[in-house]
Amino acid sequence: MCNFTEYVIVGSDLTCVILLSILCNFTEYIVVGSDLTSEYVVVGSDLTSEYVVELQSRRGKFPLNCSSGNNTRTCPVNYYPADYKFVNDNPSSSSPNCPHYFHWIHEDLKPWRETGITEEMVERANRTANFRLVILNGRAYVETYEKGFQTRDVFTLWGILQLLRRYPGKIPDLDMMFDCVDWPVVRSSDFAGENAVAPPPLFRYCGDNETLDIVFPDWSFWGWAEINIKPWQDLLKDLDKGNRMQRWQNRAPYAYWKGNPEVAEKRMELVKCNVTENQEWNARIYVQDWKEEIKQGFKHSDLGNQCHHRYKIYIEGSAWSVSEKYILACDSVSLLVQRIGREASDFIQEDLKMDYVYDYMFHLLNEYAKLLRYKPKVPKSASELCSEIMACPAEGTEKKLMMESMSILTDTTRKVSLQPQKKLQIQLNCTNGNLTNTCPASYYPFKFTNQNQSNSSSPTCPDYFRWIYDDLWPWRETGVTKAMVMSGKNNADFRLVIVDGRAYVETYRESFQSRDTFTLWGILQMLRRYPGKIPDLDLMFDCGDSTVTNTKSYRLPNAPAPPPLFRYCGNNASLDIVFPDWSFWGWVEINIKPWETLSKELKKANEKLKWSKREPYAYWKGNPYVGRTRMDMLKCNVSEKQDWNARIYKQDWIKEQKQGFKQSNLASQCKHRYKIYVEGNTWSVSEKYILACDSVTLLVKPDYYDFYSRGLMPLKHYWPVNNNDKCRSIKHAVHWGNTHQKEAQEIGKAANDFLQEQLKMDYVYDYMFHLLSEYAKLLKYKPAIPKKAIELCSEVMACPAEGVIKKFMEESMVQGPSDAIPCNIPPPFSPADSTTGYSPRKTIVTRVIRYNHTYATPSVSKQPLKKLEIQLNCTLGNLTRTCPASYYPLKFTEQNESSTSSSPPPTCPDYFRWIYDDLWHWRETGITKEMVMRAKRTADFRLVIVNGRAYVETYHKAFQSRDTFTLWGILQMLRRYPGKVPDLDLMFDCVDWPVLKTEFYRHPKAPVPPPLFRYCGNDSSLDIVFPDWSFWGWPEINIKPWETLSKDLKKGNEKMKWTEREPYAYWKGNPVVAETRRDLLKCNASEKQDWNARVYAQDWAQAEKQGYKQSDLANQCIHRYKIYVEGSAWSVSEKYILACDSVTLLIKPQYYDFYTRGLMPLQHYWPVKDKDKCRSIKHAVDWGNTHEQEAQAIGKAASDFIQEQLKMDYVYDYMFHLLSEYAKLLKYKPTVPRKAVELCSEAMACSAEGLTKKFMLESMVEGPSDATPCNMPPPYGPAGLHSILDRKENSIKQVDSWEQQYWKNKSKQQRRF
């Protein structure tokens, strides 16, 4: 504290006295309480210093109120004084200035100095915040969005509460967002520029020079429970003592560091500086294993005992590190500047004592509150927070640290009730014993209030929960109707209906063994766990192994929607919805216990026998007769002739049952280093038992998956085994593991950890909860109880049960409502995830299904309607500057469209599927106006479409006529599909290279990228790709509109057969725009070397003077091979080159445009190395000239692709679908900007001149299209996307292999001669 007040103003009838420390530069005179009883009050004006000291040592105490009545779920009404009236609130000369670093408060808040802080700005920080804190009248309210890592959020909030206890009534009303993640996310660059929006104010623990996050004291000042670091006020004393134990000169003369190096590359680099036999870097580096340290009771991590070296190293982790203050507090630096070490320690001891930490928080929050331009209010979903709510129910280290760091000491004379609220338990109500066959009227709560639940936020669910979206994807567009549900009845064992939290079952057939019984039992336990939280639903369940809803049956144009059918497993060729299997609650027929019990037994069994001491073989025991692949595996058993490193045993369940299951105790089967998982008839429940053994799971390639196994990764959780060559594959796996024991043990451990942590029963129930909740959202009808259904509850099932069934039911019964809410389900997979082993969605053409229900209208007349044509209305000739009131229909009725065919429109080309990928980044968040406006910084224009009319606000004139013809193209699309393009608002950048770098938005807490349209993209950017201007003409270099030019190119192709063309590779263009093009010039034929290339520099200025006689693209199809090479980014020339029937030699590109992602190497082009162009081109030409038929096929495929899949119909359809999908993401209603002008064909074409006018008239859409846009194909699914990526990669590798062999042969020939 800075110092203490000299006067205490005492009122009458006071109950207690509070003595507050004076804030830096402020003296506070305090009026306190009523009903005076405290012995510590000194009344009078001549208060001596000794009394001040006495008051300091005997501060007012506010004990925790953990009363049994309070139950620690609400805050006491008068939990401590929240308001004070001050006699004098002027600065006091006796109080010192705050430390110099307090000046940075002004700097951190500088971005809002002019604008102030609005509620909208605060709300924008919501996306990355862990919690929102509102302080009103001295009381704190918290809205939690995401649980912070470990206890960061807990102790940060605890610290703020202590600030409120320390300075009651002095913290103004405020509203703030806090992000507990390490690295800052509010980038300065995103909010730079004249028209940039104000940044969102976001508090966090650190900042850097590139960001605007507001820096706040970190949680560790109040303790770090997970690694046993004490609160700062206590630890500071320990560090001071540690310093005094050993003088600097007597310390080890080396630099010391101890910590976790795995959190950052720079720390891994630091480990190399450790002393070795070969090098002494004067450093002593130690790796801190926190898991081991926890086991040993933190004996080696006492920070007070680590001041034994003259030098201590501070190095950041993933961002800043809390360790900095502990290191600086040690007096350690260097002999030469020993004084620095002392000064650093003094700084920590004096300027960073807890008094100043609280003062910093106080001033920061006060200055922040001054900037608020609105009156804070308590959010609807916020809960009040006080020390009682946090500390009373806390336990262990957390409670200890809270008590140690509590701002006002507790009153030891008052008893504190620390008893946690007793968990609600609901016993079975078997009123009629074994005859119970009806459910009690109130057999458990159907509406359960949150007072029985923990206030802490729920964790994020494991990653495999994301497959819920994938399993339900086929019904995303159509929803689930009752007819769809009933169509699954033929394959179902039962129908389950939940209404008002009660379950009703209609049974159609008896399932195998007790599968249906324990599946339904499991569902009932989920209802007990989360009463009143499961929405009404209606589903069909098939307890058989084999999947039945085959994808191919629902891909046909006239196929019905698939029935939603639940079962235990799925595969890539089916649409069944995967649900946890019955064995999680026990498998009575073979004596397998409920998973809650069995998983604990497996864990204990693992600890009995270390991996290294286990049998060094692969083990499997099971029923081989249920699947061909199991029978095949019997061949891998050890024999006299061959040892495949496998020990295979048949399980005779009938015999085992007779012997009391003595030989089938799963917990006793963790005795081998390797365990084999092989499917039976389909998937097998045994997978989880095998994975839980710490042994390396040798997983024979499966055809099926269950709900969690899609979260497993090869070489991380298991070793993949070739199904077609099991024995050799198993032998190799075992040999590898025995010679790589560390890596093998890591695989086994990772699998076991996955099972124990991510497949605990809490998550099994949460998976069921989320799956059923998401499914219920799709229902298009209100579920009703079927006539033949019976109500089901735990009583009806367990009371009359007997034997093992009853035992397992009682063992697995949920005792009552959960203390916690379900985990937070993560978002669906994105297309980018497919490259990391995941895949986003199932490939089912839901739009075809939707079409069948919407457009199956028979034609009325065989006479086609006359096509509507709309002429330009240039009433003022070249002076036309405004748009006619009704210059073409804005709402176009169906009678103007062709109805001569009842067949649906064609499916769009496959490259349309990349639209989903380009827009994926905004799928979860949608697109706000603020996001759009952030793209203004680099945009050339803003386009707004409202009611079918276009409005443009121009920011920069684009290069040449790029913006002109881009806008012209969009207007023609509006003429083609009037009334069909939804209202939208977008920014467009006409520059070549993309600017939205993925790396800036990859981090979980990064801001959402601004949506920006442009002509190309690459793998490291997020720009949205749109057809380029040249499709409507490029007047500056006399390139005609694509509709005309594509026909010219087709005719040019027909003039000369491929075999008659020059047998060389041709390129002509501007080499000045890129280094890669200048490098290509070296490949031209010379006296010394012929690389089979004919390369020409294009002088466009000279070509213009000559009337473009030498640059007619239709006359350049006279070589067998044509080279495509990028310019400063992608080049529009690619389509002209591909259209020539010549083999396109495509030098490895860095960029793509909207259609080129549909091209395949060795099908549409020949890949050429960028780093070795000349040799690569020579090989390509020689290969083509010796494989003429194959080469011609490549050239023809490319030309066909361009002529058929890139015709203008599809260009317009691509624009239509891209803009329509984009518009769906907008979270606001677009309006016409004030500075925007309306744009129409008249405003552009009437006043145009020369080639610009010519090309506009040539490319103008005459009127509405006769046909509707093509049908969008679905997004890429797992198999599809992997197939494309693999095919491209394999084709390029194939060419590389051929090329290497080609040059080896050339080299041999040269040596021969």
> Examine the side chains of Glu1043 and Ser1259 and answer whether a donor and an acceptor come within less than 3.5 Å of each other.
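Distance-only check fails for Glu1043 and Ser1259.
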
> Just say parallel, tilted or perpendicular for the rings of Tyr911 and Phe1154, cut-offs at 30° and 60°.
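Perpendicular: the ring planes of Tyr911 and Phe1154 meet at over 60°.
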
> Please confirm whether the ring centroid of Tyr1015 lies under 6.0 Å from the ring centroid of Trp1029.
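They qualify: ring centres under 6.0 Å apart.
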
> Is a donor from one side chain sitting under 3.5 angstrom from an acceptor on the other, for Tyr1152 and Asp1019?
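No.
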
> Less than 4.0 angstrom from a charged side-chain N to a carboxylate O is my criterion; do Glu1054 and Lys1051 meet it?
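So Glu1054 does not pair with Lys1051 through a salt bridge.
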
> Checking Gln960 against Trp1034: is there a side-chain donor and acceptor pair closer than 3.5 Å?
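Yes, a side-chain donor-acceptor pair sits under 3.5 Å.
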
> Give a yes or no on whether the backbone of Ala1267 and the side-chain of Ser1265 come within a donor-acceptor separation of less than 3.5 Å.
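Checked: pair present.
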
> For Lys929, is there an ion pair with Asp985 - N to carboxylate O distance below 4.0 angstrom?
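The answer is no: the pair does not qualify as a salt bridge.
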
> Say whether Thr1076 and Glu1126, considering side chains only, have a donor N or O and an acceptor N or O under 3.5 Å apart.
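Looking only at side-chain atoms, Glu1126 and Thr1076 do not form any donor-acceptor pair under 3.5 Å.
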
> Got more than 12 heavy atoms from elsewhere within 6.0 Å of OH, Tyr1228?
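Above 12, so yes.
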
> When the aromatic ring centroids of Phe912 and Tyr1214 are compared, is their separation below 6.0 Å?
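Yes, the ring of Phe912 comes within the 6.0 Å limit of the ring of Tyr1214, centre to centre.
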
> With a cut-off of 6.0 Å (strictly less than), are more than 12 heavy atoms of other residues, nucleotides or ligands near NZ of Lys1135?
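Above 12, so yes.
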
> Of the non-hydrogen atoms in Asp940 and Val991, which two are nearest, and what is the gap between them?
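So the minimum-distance heavy-atom pair works out to OD2-N, 3.9 Å.
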
> Main chain of Gly1033, side chain of Ser1030: is a donor-acceptor contact present, judged purely on distance under 3.5 Å?
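No.
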
> Count the heavy atoms belonging to other residues, nucleotides or ligands that lie under 6.0 Å from NZ of Lys1235, then report whether that count exceeds 12.
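Open: at most 12 neighbouring heavy atoms sit under 6.0 Å from NZ of Lys1235.
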
> If you draw a 6.0 Å radius around CZ in Arg937, do more than 12 non-hydrogen atoms from other residues or ligands fall strictly inside?
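No - once you tally the heavy atoms of other residues, nucleotides and ligands closer than 6.0 Å, there are 12 at most.
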
> Between the side chains of Ser1021 and Asn1018, does any donor sit under 3.5 Å from an acceptor?
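Per modelled atom types, Ser1021 and Asn1018 side chains form a pair under 3.5 Å.
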
> Give the ring-plane orientation class for Tyr1155 versus Phe1201, where under 30° counts as parallel, over 60° as perpendicular and anything between as tilted.
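Tilted: the ring planes of Tyr1155 and Phe1201 meet at 30° to 60°.
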
> Determine whether the side chains of Tyr1151 and Asp992 contain a donor N or O and an acceptor N or O closer than 3.5 Å.
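Distance-only check fails for Tyr1151 and Asp992.
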
> Compare every heavy atom of Cys883 with every heavy atom of Arg949, then report the nearest pair and how far apart it is.
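Minimum heavy-atom separation between Arg949 and Cys883: NH2-CB, 4.1 Å.
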
> Less than 3.5 Å apart, any donor N or O on the side chain of Thr1156 or Glu1134 sitting next to an acceptor on the other?
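Thr1156 vs Glu1134: no donor-acceptor pair found between side chains.
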
> For Cys1246, is there any backbone N or O sitting under 3.5 Å from a side-chain donor or acceptor partner on Lys1253?
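At least one qualifying donor-acceptor pair exists.
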
